[in-house]
Amino acid sequence: MSAVGSLAIGTPTDRVEGREKVTGAARYAFEQLPGDHAYAWLVQSEIASGEILSLDASPALAQEGVVAVAWAGNAPRVAEVDDRELSVLQSRTISYRGQIVAVVVAESLETAREAAAHVRIDYEVRDHEVVLDEHDPAIYDPGTVNAGYPSESVQGDVARALARADAAVDVTYRTPAFHNNAMEPHATVALWDGDDLTLYDSNQGASTVRDTLAQVFELEPEQVRVISPHVGGGFGSKGTPRPHVVVAALAARMTGRPVKLAITRQQMFAFTGYRTPTIQRLRLGASGDGQLTAIVHEALQQSSRLREFTEQTAVATRMMYAAPNRRTAHRLARLDVPTPSWMRAPGEAPGMYALESALDELAVELAIDPVELRIRNEPPLDPERGIPFSSRGLVACLRLGAERFGWAERDPTPGVRREGDWLVGTGVAASTYPAYRSPATATARAEGDGSFVVRIAASDIGTGGRTTLTLIAADALDQPAARVTVEIGDSALPRAGLAGGSMGTASWGTAVTLACRALVERIEALGGHVPADGLEAHADSSDEVRATDQGYSRHAYGAQFAEVRVDAVTGEARVSRLLGIFAAGRIINPTTARSQFLGGMTMGLSMALLEESVMDREFGDYLNHDLAGYHVASHADVGELEADWIEELDDHLNPMGSKGIGEIGIVGTAAAIGNAVFHATGRRVRELPLRLDRLLAT
Amino acid sequence: MRPFAYERAEEAAGAIATLTDGAPGAMYLGGGTNLVDLMKLGVAAPDLLVDVSHLPHDRVEQLPDGGLRIGAAVLNSTLAADRTVRERYPVLSQALLAGASGQLRNLATVGGNLLQRTRCAYFMDVSKPCNKRVPGSGCPAREGDHRNHAIIGHSEACVATHPSDMAVALVALGATVEVRGAAGARTIPLPGLHRLPGDAPERDTVLDPGDLITAVVLPPSAPGAVSRYRKIRDRASYAFAVVSIAALLELDEDGAVREARIAFGGLAHAPWRALVAEEELRGLPATAESFGRAADAELAQARPLRDNGFKVPLARNLTVRTLGELAAQAERRSGR
Ligand SMILES: Cc1cc2nc3c(=O)[nH]c(=O)nc-3n(C[C@H](O)[C@H](O)[C@H](O)COP(=O)(O)OP(=O)(O)OC[C@H]3O[C@@H](n4cnc5c(N)ncnc54)[C@H](O)[C@@H]3O)c2cc1C
Ligand code: SF4
């Protein structure tokens, strides 16, 4: 084997499929044309709660070119799975406005859409409740929250500690619902061949979609194949199959035709998931020198009638800072709303907004610099679990960020810097995200011609995952990256977990490394000779993941610094400068890593200033359901934006020494910006987004 | 599929004849950036689209009196970049550039921009009632989401706002719209084109079916006047106005207001010409105090809804600032 001088990991590398994407050659799910296909259009409920009394499909079926109309009254039965959103077209009960109640299949998209408007439905309408309210008597403790954490945690005696604290804050923060709004809306093309199902689908994990669809249709996993080479973003909303995937497969089964189904932007606001609104109460107590004595974080959120989904909003609070007394709790209200789901950093994004804002309030209360306050409360061990951190770079990020940002010159007095009509202020907040890992399998193959192919059912949702795995494989094989091809995005490839929880690269990279190392051993066993018909090795990382993922508290950290300008006349807030410094283990591809950090921070900026899904109380749906109404940051909203990282060596993670980077960028941004808004204006707005009407000095 | 026909009009008379002679389901098509969206949403369902974007009304001409005639098919981007407009009517160029996005402005026409429909979310959702879309069905915005709805001139029946930025500038400039219809040609001085909702919110304008906008005429610009457009929005770019102002200011030799012309966007069902404020300002010293007084006088008519009261101080602040900027500009220009 040829020795290569430098490592591929750490080399800034453009996306291996970049050319295909920018030339339009890359095929996305809906661009597949299986031949003889029909098009599906979804009919959605126009009430938020009730029952379908009757459905008359005849006016739709009478349209020329309509193939079929399916609804609860005639659709084939499917098995119930954990996610009851997937029991679609199975029941006449309406759980939220916009729920899928029927599907029209026709020869053309236009025909299907027009016919859908002719499906007549009579409903029995029930009253609905769609607005999250802390006084709702039906609020309950869900017991566990997303990712399996217990909903409550208690250490020490917070009541006593709060009563005795030298300084305390007791504040409530509110965040609205947010929608993921990936560039590529969800889409599925479904084909049956006998009892075998093939799906071209836009998702964050082909193996997961395959397994779930196999359960829904009561098939063996091998009977389902999910193909997803390119995905135009997901931000969590494509982490699990959404109901339309089941509908596409049902429609294809009923009609005996391949069926194409694309979700519209408007529909994404109804049934492809979103981030729950939250109401969070934070109580912090501290001694006069800034040692936290108590932290209480209580988070209320909503879920649907169909499914209990609770974000881990307060879970990061269990680990962020040292304090002898601590309580965290999650509460849930079940409403007549769509089921919330994962959205980039579910839990951490809204939870750290509240914690890091409250900490800023405490810093003001104590007259201690907010960077210093965080450093003073750095825990030596994970405060809840009592185990060491595998590595923890928060203080280093805060210090480096403060230096780069020019924090030392900051005058803490709020509301005193004015440039023309602009009130100027700066703020800081910490970021964090857990370093998870899940088992995966992979094969590595050496070809007779000196090239290598690595196969794994990983997914690249636009993040650069394919490229990262190429670099990882190249190093594990000790080969130049140009000789290595990585095949992903197909459930027929060796099984792997999601591009989600910022664990894709860590999980897949582990399996890829193991497979490549096994291949190198096989080649060495043959005296370095690769036979003409190639050589292959397979790896399953289950044992390694199980054996090594204990004993350490593993998280990435970061510090974000924002400079904000608030127009004293109009209340408009603009972020003129945003700096993020991250400690996330070894950075595998600096090019795409920077994009992830910057993208996360931009999304955090958008969350701070712009994004909000407006629930209509009367009708029960999200009103501003398009990109004209739901404001995502435009270029003009983003000022100077910079992300950088510190070198962090951590041997307790995975063979690459990497932590996930896809989500941490959005965590803490909104708090840094909100804290800067306070510093600029002297006004503490405890509700997102920081809209001009909330900042307008009247 | 819901079929509709498309016809490309080569001359105005034929287009007008098509719409006025027994084609009740026909509509004019400009750039289609609003109408096609509304068709997709089911809000508009024409049987026939008569494309008027290729009519020879595509020029910006200087008029002998020093004014400007702008053809109705002129693109928003062309108009914004027009040299004369930039030099003599900066308020118009600024308003255009504050609207939509580069791509949309490259398609949008002057005629279509004037007649674009409200962005009220209930109006754009056919699964909900809306008096403007279905007369008599109700106005859910009144009790529902109306943060960005009207505070002035609205009615029990409708609280929507007109979304155009360009129209606000044209109203401040005192432009005239040239229209041709079944009964021949006529002119409509702005702000007379857009209606207040009253009890017929389904009618955005005073136009009759088949009326074709052929041009917009700008009066000569007053040599001593300065003008600008300011738009407050939730996002730095690519968002409709929360409140906007188009203002022209002319000072006399003593630095007092000779004439002010002010129009607001985002406040009403039509671009709102602030006649009360203009009257109040005449002869007053060009100070922040005068500007505030004028704004207060105008906004005394405001009847904000539950969640949009902030537009009153916002409009006031914006007025004071914009007129203050214009006064400073006028002072500089006169060399005082
Ligand atoms: C996402 C988005 C953001 C936007 N943001 C803004 C903004 O910030 N500010 C702003 O001002 N606008 C904004 N717009 C609206 C945009 O300016 C309008 O869509 C555009 O100006 C309409 O022009 P058009 O030629 O495409 O009209 P069309 O869509 O073709 O037509 C609009 C209407 O005018 C009628 N019509 C067209 N021409 C004539 C004529 N000559 N005579 C009679 N009737 C005619 C049509 O029948 C139709 O009813 C935005 C639009 C979108 C989609
Ligand atoms: S404000 Fe006007 S456009 Fe909006 S819902 Fe009411 S009637 Fe319809």
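Values reported hereafter were calculated over all heavy atoms of this structure, with side chains retained and with hydrogens, waters and symmetry mates removed. Naming convention: chains lettered A, B, ... in sequence-line order (proteins, then strands); numbering from 1 in each chain.
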A:Y630 ring center near A:F269 ring center (under 6.0 Å)
yes
Taking side chain as everything from C-beta outward and backbone as N, CA, C, O, which of these in [X] sits under 4.5 Å from a heavy atom of chain B? Side chain, backbone, both or neither.
X: A:V614; result: side chain
X: A:Q266; result: side chain
X: A:R691; result: side chain
X: A:H635; result: neither
X: A:D616; result: side chain
X: A:L623; result: both
X: A:L627; result: backbone

Which atoms of B:D125 are under 4.5 Å from chain A, going by heavy atoms: the side chain, the backbone, both sets, or neither?
side chain
What part of B:R321 is in contact with chain A, defined as an atom under 4.5 angstrom from a non-hydrogen atom: side chain, backbone, both or neither?
side chain
Which residue out of B:R316, B:R233, B:R147 racks up the most heavy-atom pairs below 4.5 Å with chain A?
B:R147
Would you mind telling me which of B:G309, B:A236, B:S237, B:S101 has the largest number of heavy-atom pairs within less than 4.5 Å of chain A?
B:A236
Can you list the steps and then say if A:R265 with A:N181 is a side-chain hydrogen bond (donor to acceptor under 3.5 Å, both in side chains)?
CA-CA 8 Å; A:R265 184 66 61 186; A:N181 276 309; 3.1 Å; yes
Could you tell me which of A:E572, A:E618, A:R617 has the largest number of non-hydrogen atom pairs under 4.5 Å with chain B?
A:E572
Considering only heavy atoms and a distance below 4.5 Å, find which of A:T264, A:L609, A:D567, A:D626 pairs most often with chain B.
A:D567
How long is the span from the OG atom in A:S606 to the CD atom in A:E612, to the nearest 0.5 Å?
11.5 Å
